[in-house]
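A short write-up of the structure that comes next.
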There are 2 protein chains.
Amino acid sequence: MDLHGDNLIGGEALTVQGERWRAIEAATGRELPSDFSAATPEMVERACALADEAYDTFRETTPEARAAFLEAVAQAILDIGDDLITRCMAESGLPRARLEGERGRTVGQLRMFAGVLREGSFYEARIDPAMPDRAPLPRPDLRLRTIAVGPVAVFGASNFPLAFSVAGGDTASAFAAGCPVVAKAHPAHPGTSELVGRAIAKAVTSSTLPAGVFSLLFDPGIEVGQRLVSDPRIAAVGFTGSQRGGTALMKLAAERPVPIPVYAEMSSINPVILMPAALEARGAAIGKAFVGALTLGSGQFCTNPGLILAVEGPGLEAFLAGAGEALKGVAAQTMLTPGIHRAFCEGVAALDANAAVTRIAEGQAGGENQGQPVLYTTTARAFLTDHSLAEEVFGAASLVVTCRDAGEIRSVLARLEGQLTASLHMDEADHEPARALLPLLERKVGRILVNGFGTGVEVAHAMVHGGPFPATSDGRTTSVGSLAIQRFLRPVCYQDVPDALLPPALKQANPLGIPRRVDGKREG
Amino acid sequence: MDLHGDNLIGGEALTVQGERWRAIEAATGRELPSDFSAATPEMVERACALADEAYDTFRETTPEARAAFLEAVAQAILDIGDDLITRCMAESGLPRARLEGERGRTVGQLRMFAGVLREGSFYEARIDPAMPDRAPLPRPDLRLRTIAVGPVAVFGASNFPLAFSVAGGDTASAFAAGCPVVAKAHPAHPGTSELVGRAIAKAVTSSTLPAGVFSLLFDPGIEVGQRLVSDPRIAAVGFTGSQRGGTALMKLAAERPVPIPVYAEMSSINPVILMPAALEARGAAIGKAFVGALTLGSGQFCTNPGLILAVEGPGLEAFLAGAGEALKGVAAQTMLTPGIHRAFCEGVAALDANAAVTRIAEGQAGGENQGQPVLYTTTARAFLTDHSLAEEVFGAASLVVTCRDAGEIRSVLARLEGQLTASLHMDEADHEPARALLPLLERKVGRILVNGFGTGVEVAHAMVHGGPFPATSDGRTTSVGSLAIQRFLRPVCYQDVPDALLPPALKQANPLGIPRRVDGKREG
């Protein structure tokens, strides 16, 4: 594997003479081969300048040209071959099968956006034809399309080193919208980032796009990211990570002379509500399925089920017994980074030390940097008085809150902050009480699931991976699925502009063949 | 006319015992009849609590029910009759014809949103059916619809006491989305606000909606507005006014424990570019038309043409002569408030005192609170070095920047902040240089016009009344036209939710008969 560890500025590998750093092998804590160099202020500046130069050209490429580019990126990622998987395994501690699946997802979402581009609805094209004879005043010819907002800063996430990182969902949707991307590699997987970044740069070249369409910056710390978000040429930010990191970027973006939108996907404990009939009919089975979701990928998912709500009774006992039994057999898994492992251990220690919380089951103990899955219970009363119990413990730890009645379940839900998902486990006899909970859940979350868990976020047209603050910075959008393209678009209206000067999306003859609204009615 | 001057909290008129204040007659500066009382903190709290209570019910009314409600609001406004026009004339100084037109526009946009609701695309309904047999993993059933974001705070604008005020565009689009509204009346037209507020409350009652769907608060100062934006139950803010006011609300909203979106439409000088061939062919005629746009409504439009750019030469001389000649005959008009008149006079005095600026024409002098229209010139060089020249003077004052060549026009445009509109006056021979300017204009503005002026913002499907900061706080949306409904919606995904529990928009049988996407393809 050939890593050079340089920042990739508009396709050029730029070396820094100063201090260099290395990636850490997740399983061992040892340094991995290849030095990486943090971007200098001049490199951040240059990447943004090139992105800005590329913006006018890139945003006006045809949807077909951008679709072909996205497909070229997908192919270039596949062309890296097994080097990508092995380096990513070393850096993330995630197993091969998971990362092969994640690569498929990454490639799949790039291709999905190619389809979105070819379909053309993203233009939101609208035409209100002139009415020269209207009284008392004639109506001008009005035409609307969306355009790319400008260069986008994308922050790679540690927990999805492929699908939410350098060529992840934010990059794919920003590219689809026509926005150049300046990516900041997550320091936990710089080698993976370099390999993917070079694949993107190759696709930029082979698609004969301006080199500034993509740059990749490294930094083991936060300074490069701060500079990037503060750069006046950056028009929007995509981020997946901690609430502390996300809110810091929100603050920085809001305080700029020209504020910009930040799409940060942050923390969520994803409540799971076990309804009485389901619990009675199949408590143990739900418990077993729950453990599968809890321990998947060592629990390092934004959608990990961190909170279980149920009314006490034999059904819940069966659930706890089933979950406890299943958990016993689960091996500890390597966590993404020593820092994440440390934070997990601290979160677990705090729960162990909490007198209102009982540890009821755990998985097998593990070695260095491995997270031992663990399950706790507490009461609704304790949960409602101790706000620390609603904080996310990132990893395979979950808290079962036993409630005395449905009213207590509602009280706990009402006090929760915004979440990515909520799950209801229920049978037909549970429909009416579940119906009564839906309005509350709709206020709190971006996705409501029945008889499942939030892990496994399908890349689809109807997906919402988002939710009210602090699950995300902006509950009006999604970071997964085709709707994500809307984040990076803004509408522009053309009034009485001659056909020769109109963009193709709005020319009378509709040369792009896209769906449009004429006087509010859909055509094509 | 029967004004009580009370805050209207969920349909109830609540009187304060403390200090009361009166509206000012724009033309005379004298107090108008009827005392008004500022809302107490308890009233703000009560209005927000009622809005929050009404939210779940209101957002789940059928599109037909909300459409009928919007139509009832429109009818109730018309039912006020001439009292509304006469009070509004007194409070705003605007002439009858303008206010009758504005009433028509207000009613028209309420009815337009009724049409948007009946059409149903606003739901953005999407269905990705389950694929139980997909390998390696089955796909769940995924369904997406938008829901109302929550109670919205709407701030009335001084310059459109009907169309951008209590029942203006923000209220209409928020109601259409299913959001309860707590409106803060602009202190320049409290009587107008009360009449309209009571009309809305009447429509809430006749439509048997929860009373909390609408409240109206008064305050001659800023405290009530600040409380409103800080209330945890408020989910979004609509504002039209000064940059100072808008950015203060943005800051307040960003610093909340749960930040919320602010849609503030603020300042804009709306550059007008006079291209050479058009200038040569019809410079004088364009000058005359420009004066019409400049002086309309005493120049008190966000889209008022405040900046003219052209290359020096005989064409520009003809334009200036034509404009000067036309301006001479324009009478001074009463401005909206003594404060706005004072600010206009200060802005004009600063231009008069600027050695790099020449006053070249003016309209007729006026009486108390009347704005005398005035036209200035400067050079591109002076404009590029003196940032104060790019500041908006709200009223009928405009600055012609003479440029030595097309490059200077581009330099001036490049240094402008975000704007609502840009106009190009051009003939066919100007097409190529105009084409070269379009990418720059698209970066800067929300609407590009040819051979017209930005005043007269058509309420239509293809309208964008928005633009990059500081023209607005959020260039991704519009405050006029049907697209504005998107501001107050957010997507929610339903995964494997039984049909019986799905909202009507997503039920398999499509009982609402709305257009939906199935697997990304449009249906219906």
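Proteins come first, then strands; the chains are lettered A, B, ... in the order of their sequence lines, and each starts at number 1.
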Using a 4.5 angstrom heavy-atom cutoff, name the option from [options] with the most pairs to chain B.
| options | result |
| --- | --- |
| A:T146, A:I127, A:V116, A:V445 | A:V445 |
| A:G452, A:P140, A:G446, A:G467 | A:G446 |
| A:V492, A:L501, A:D141 | A:L501 |
| A:L142, A:D496, A:L449, A:D128 | A:D128 |

Looking at [options], which one has more heavy-atom pairs under 4.5 Å with chain A than the rest?
| options | value |
| --- | --- |
| B:E428, B:R435, B:R143, B:R145 | B:R435 |
| B:A434, B:S423, B:P261 | B:P261 |
| B:R487, B:H431, B:Q495 | B:Q495 |
| B:S473, B:G454, B:P470, B:P259 | B:P259 |
| B:A460, B:A254, B:G466 | B:A460 |

Looking at side-chain heavy atoms only, is the closest gap between B:P439 and A:Y55 below 4.5 Å?
no
Flag the pair B:R256 / A:F469 as yes when at least one side-chain heavy-atom distance between them is below 4.5 Å, and no otherwise.
no
Spell out, as yes or no, whether a donor-acceptor pair under 3.5 Å connects the side chain of [X] to the backbone of [Y].
| X | Y | answer |
| --- | --- | --- |
| A:Y263 | A:F488 | no |
| B:N451 | B:M426 | yes |
| A:R98 | A:L296 | no |
| A:R139 | A:P129 | yes |
| B:E255 | B:A253 | no |

Please lay out, stage by stage, how A:E124 and A:R126 fare under the test salt bridge (charged side-chain N to carboxylate O under 4.0 Å, His left out).
CA-CA 6 Å; A:E124 188 72 58; A:R126 296 169 170 218; 3.2 Å; yes
Residue part contacting chain B, namely of [X], when any heavy atom lies under 4.5 Å:
| X | result |
| --- | --- |
| A:I147 | side chain |
| A:M112 | neither |
| A:E119 | side chain |
| A:D519 | backbone |
| A:Q486 | side chain |
| A:L137 | neither |

Roughly how far apart are A:F453 CZ and A:H425 NE2, rounded to 0.5 Å?
3.5 Å
So which atom in A:K444 and which in A:A414 form the shortest heavy-atom distance, rounded to 0.1 Å?
NZ-O, 2.9 Å
Under 4.5 Å heavy-atom distance to chain A, tell me which part of B:T247 shows up: side chain, backbone, both or neither.
neither
Where on B:P257 is there a heavy atom nearer than 4.5 Å to chain A: the side chain, the backbone, both, or neither?
backbone
Is there a donor-acceptor contact under 3.5 Å linking the side chains of A:N270 and A:T303?
no
